[in-house]
Amino acid sequence: MDDKLERAELMARFKLMVKRSLGESVDLEGLARDPAYARVRLAEIEEAALDEELLVMVLRLRDLFVPVDSPAAGADTARETRNYKMGARAW
């Protein structure tokens, strides 16, 4: 319960601080449920922020809502590999 309450308080403070500092709004449900939205929106706010406390909140929320991509996993899927088990024509 304490973890949920702390997360809710952080998100509420973040929304209000973004509204006050930048005059922009943040979709809290989108932030919590959509990693792509969270990644893009937090990056936008990070670039526009002039307040250290807001930047710290961005980092904390990024840790909570944006999954870390493993560089090794990304390199394996992006790289083409050739399989010569069936000969050169199998490619």
Side-chain angles (χ1 to χ4, degrees):
M1 175 75 176
D2 289 333
D3 189 39
K4 279 184 153 182
L5 182 59
E6 287 177 26
R7 183 180 291 184
E9 288 173 350
L10 175 64
M11 291 174 68
R13 280 183 295 172
F14 178 71
K15 182 172 179 99
L16 292 174
M17 186 170 279
V18 168
K19 189 76 152 178
R20 276 188 240 125
S21 298
L22 306 176
E24 299 177 8
S25 185
V26 177
D27 177 14
L28 293 180
E29 184 174 350
L31 193 68
R33 296 182 189 270
D34 184 2
Y37 171 78
R39 179 178 287 114
V40 170
R41 193 67 180 115
L42 291 172
E44 293 170 350
I45 293 167
E46 179 183 5
E47 286 300 313
L50 300 173
D51 183 15
E52 182 179 351
E53 188 176 347
L54 181 56
L55 287 174
V56 170
M57 285 184 183
V58 166
L59 295 173
R60 290 178 64 193
L61 289 170
R62 187 176 289 144
D63 283 344
L64 288 172
F65 298 125
V66 179
V68 177
D69 294 332
S70 170
D76 288 341
T77 57
R79 183 181 57 162
E80 287 185 12
T81 58
R82 295 181 185 233
N83 184 351
Y84 291 104
K85 289 180 184 174
M86 301 296 286
R89 294 188 187 136
W91 180 252

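Atom set for the values below is all heavy atoms of this structure, side chains included, hydrogens, waters and symmetry mates excluded. Everything quoted here is computed from the prediction, not taken from an experiment.
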Worksheet entry | side chain to side chain contact (heavy atoms under 4.5 Å, CB included) between Glu24 and Lys19, worked out | CA-CA 5 Å; Glu24 299 177 8; Lys19 189 76 152 178; over 6 Å; no

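- Interatomic distance, Leu16 CG to Met57 CE, rounded to the nearest 0.5 Å: 9.0 Å.
- Contact record, Asp27 with Tyr37: N-OH, 3.1 Å, taken as the closest heavy-atom pair.
- Rounding to the nearest 0.5 angstrom, the gap separating the NZ atom in Lys15 from the CG atom in Leu28 is 5.0 Å.
- Shortest non-hydrogen contact noted between Ala49 and Leu55 is CB-CD2, 3.8 Å.
- A search for side chain to side chain donor-acceptor pair (under 3.5 Å) contacts involving Arg62 returns Glu46, not counting sequence neighbours.
- Leu61 is not connected to Val56 by any chain of hydrophobic side-chain contacts under 4.5 Å among Ile, Leu, Val, Met, Phe, Trp and Tyr, and they are in different clusters.
- No side-chain heavy atom of Leu50 sits under 4.5 Å from any side-chain heavy atom of Leu22.
- Of all heavy-atom pairs between Arg41 and Ser25, the closest is NH2-O, 2.9 Å.
- For the side chain to side chain contact (heavy atoms under 4.5 Å, CB included) criterion with Val18, the lone passing option out of Leu54, Asp51, Val58 is Leu54.
- By the neighbour-count criterion of 12 heavy atoms within 6.0 Å, atom CD of Glu9 is densely surrounded, having more than that number from other residues, nucleotides or ligands.
- A heavy-atom distance below 4.5 Å is not found between the side chains of Leu10 and Glu6.
- The two atoms that bring Arg7 and Phe65 nearest to each other are CD-CZ, 3.9 Å, heavy atoms only.
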